[in-house]
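Notes for the one structure printed next.
Values below: every heavy atom of this structure, side chains too, minus hydrogens, waters and symmetry copies. Every chain is numbered from 1, with letters handed out A, B, ... down the list of sequences. Because the structure is a prediction, the values reported are computed rather than measured.
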There are 2 protein chains.
Amino acid sequence: MKKSLADRIEQYIKVLIARSEENQIIIQRLELAETFCCVPSQVTYVIGTRFTEKTGYSTESRRGGKGYIRISMMDDEEISSDLSKRELIVFIDKLLAAKLLSKNEEELIKNIILHSSQNMSSDQRIQLYNSIRFALDDFIR
Amino acid sequence: MKKSLADRIEQYIKVLIARSEENQIIIQRLELAETFCCVPSQVTYVIGTRFTEKTGYSTESRRGGKGYIRISMMDDEEISSDLSKRELIVFIDKLLAAKLLSKNEEELIKNIILHSSQNMSSDQRIQLYNSIRFALDDFIR
DNA sequence: TCTTCCTTTGACTTTGTTTGACTTTTATAT
DNA sequence: ATATAAAAGTCAAACAAAGTCAAAGGAAGA
């Protein structure tokens with residue numbers, strides 16, 4: 001199956017990260033773009049769609065001379081899991097405030113979140129929260 | 001009895017799957033349509049009528065450039081997670097019928113169930129369904 | 001024949017990717 | 001300090017798929 005450019009760049013970056021010591025790499029956007037014979041913003045696109053907090057990565061960059069982009073796998077998953085949980089709860093509270101969810105619905109979901117958190121690995125939790133978040137987005141639309 | 005186009009496409013896909021390593025194939029809708037000299041949505045129709053969860057297949061696709069459709073035969077784990085999903089849905093329907101859940105609540109939860117199926121392993125799914133089940137028990141009490 | 005269900009088709013929608021022109025930030029040389 | 005050059009960021013347009021939906025067609029049974 002033919003992979004898209006974005007997919008190939010994604011894979012490439014992931015291999016680099018896997019090979020790295022600290023689960024993080026520092027690249028130069030232009031350099032990577034040249035490796036793949038594409039425009040630099042393609043790299044930005046890949047990072048923006050595939051290396052997000054949602055997918056367990058964090059990035060940091062600097063412009064100008066000696067600029068760079070650092071991509072790291074979030075290591076303390078526990079923290080990020082709690083983070084996305086807090087975010088999700090905040091989000092649900094907002095929905096409640098905006099009357100997009102009833103009090104009952106809000107309680108129901110929080111109940112699910114609470115119960116689900118029990119027996120899941122942090123990894124699973126992140127995915128669950130994302131799914132619920134997604135489902136809510138979908139639901140209120 | 002003359003075979004319909006849909007039947008022939010179905011056969012074709014099944015042969016491809018049978019020949020594949022992982023009991024799954026990745027196709028491009030347009031390509032397959034061209035192979036059979038038909039409109040792309042014909043392929044969608046075949047997949048929608050012959051390669052469903054009920055018949056033991058799961059599918060996944062991506063639009064846009066280099067898009068694809070993946071069709072896989074569900075393994076035992078997937079089948080059982082699908083089964084627990086059905087059971088859960090039956091349960092939710094009962095709650096709705098018993099007026100223990102509102103229509104909105106029912107939809108919301110089904111939404112979560114639906115979305116969660118997307119990015120989780122069947123293992124995770126079963127856990128999630130159990131959690132939802134617990135949360136519901138708790139909620140209606 | 002009539003009805004019903006399945007199939008076929010195509011116009012339109014949505015989603016995801018690629019590209020490039022333009023902007024902003026930063027280090028370095030003057 | 002200032003100017004310059006070397007990065008990365010932004011954004012929207014063009015393109016490339018797959019999805020949706022409803023209408024039209026066709027076959028098989030009552």
How about CZ on Phe91(A), more than 12 heavy atoms from neighbouring residues, nucleotides or ligands closer than 6.0 Å, or not? yes
If the threshold is 4.0 Å, N to carboxylate O, is there a salt bridge linking Arg86(B) and Asp93(B)? no
Would you compute the distance between atom CD1 of Ile13(A) and atom CG of Leu32(A) and round it to the nearest 0.5 angstrom? 5.5 Å
Thinking salt bridges, do Arg125(B) and Asp82(B) make one under a 4.0 Å N-O criterion? no
Can you tell me the distance, in whole Å, between the CD1 atom of Ile47(B) and the P atom of dT8(C)? 14 Å
Between side-chain atoms of residues 94-104 of chain B and protein atoms elsewhere (two or more places apart, or another chain), which donor-acceptor pairs fall under 3.5 Å?
{"from": "Ser102(B)", "atom 1": "OG", "to": "Asn104(B)", "atom 2": "N", "distance (Å)": "3.4"}
{"from": "Ser102(B)", "atom 1": "OG", "to": "Glu105(B)", "atom 2": "N", "distance (Å)": "3.0"}
{"from": "Lys103(B)", "atom 1": "NZ", "to": "Glu106(B)", "atom 2": "OE1", "distance (Å)": "3.1"}
{"from": "Asn104(B)", "atom 1": "ND2", "to": "Glu105(A)", "atom 2": "OE2", "distance (Å)": "3.1"}

So does Arg133(B) pair up with Asp138(B), basic N to acidic O under 4.0 Å? no
Could you identify which residues of residues 23-35 of chain A place a heavy atom less than 4.0 Å from some atom of DNA chain C, listed by residue number, or say none? none
State whether Phe51(A) and Lys14(A) meet the cation-pi test: NZ (Lys) or CZ (Arg) under 6.0 Å from the six-membered ring centroid, and within 45° of the perpendicular axis. yes
Applying side-chain hydrogen bond (donor to acceptor under 3.5 Å, both in side chains), run through Ser61(B) and Arg70(B) and close with a yes or a no. CA-CA 6 Å; Ser61(B) 67; Arg70(B) 185 208 312 274; over 6 Å; no
For atom OH of Tyr68(B) and atom C1' of dG16(C), their distance in whole Å: 11 Å
Tell me, for nucleotides 17-30 of chain C in 5' to 3' order, what letter each nucleotide earns: B for a base near a protein heavy atom under 4.0 Å, S for only sugar-phosphate near one, - for neither? BBBB---BBBS---
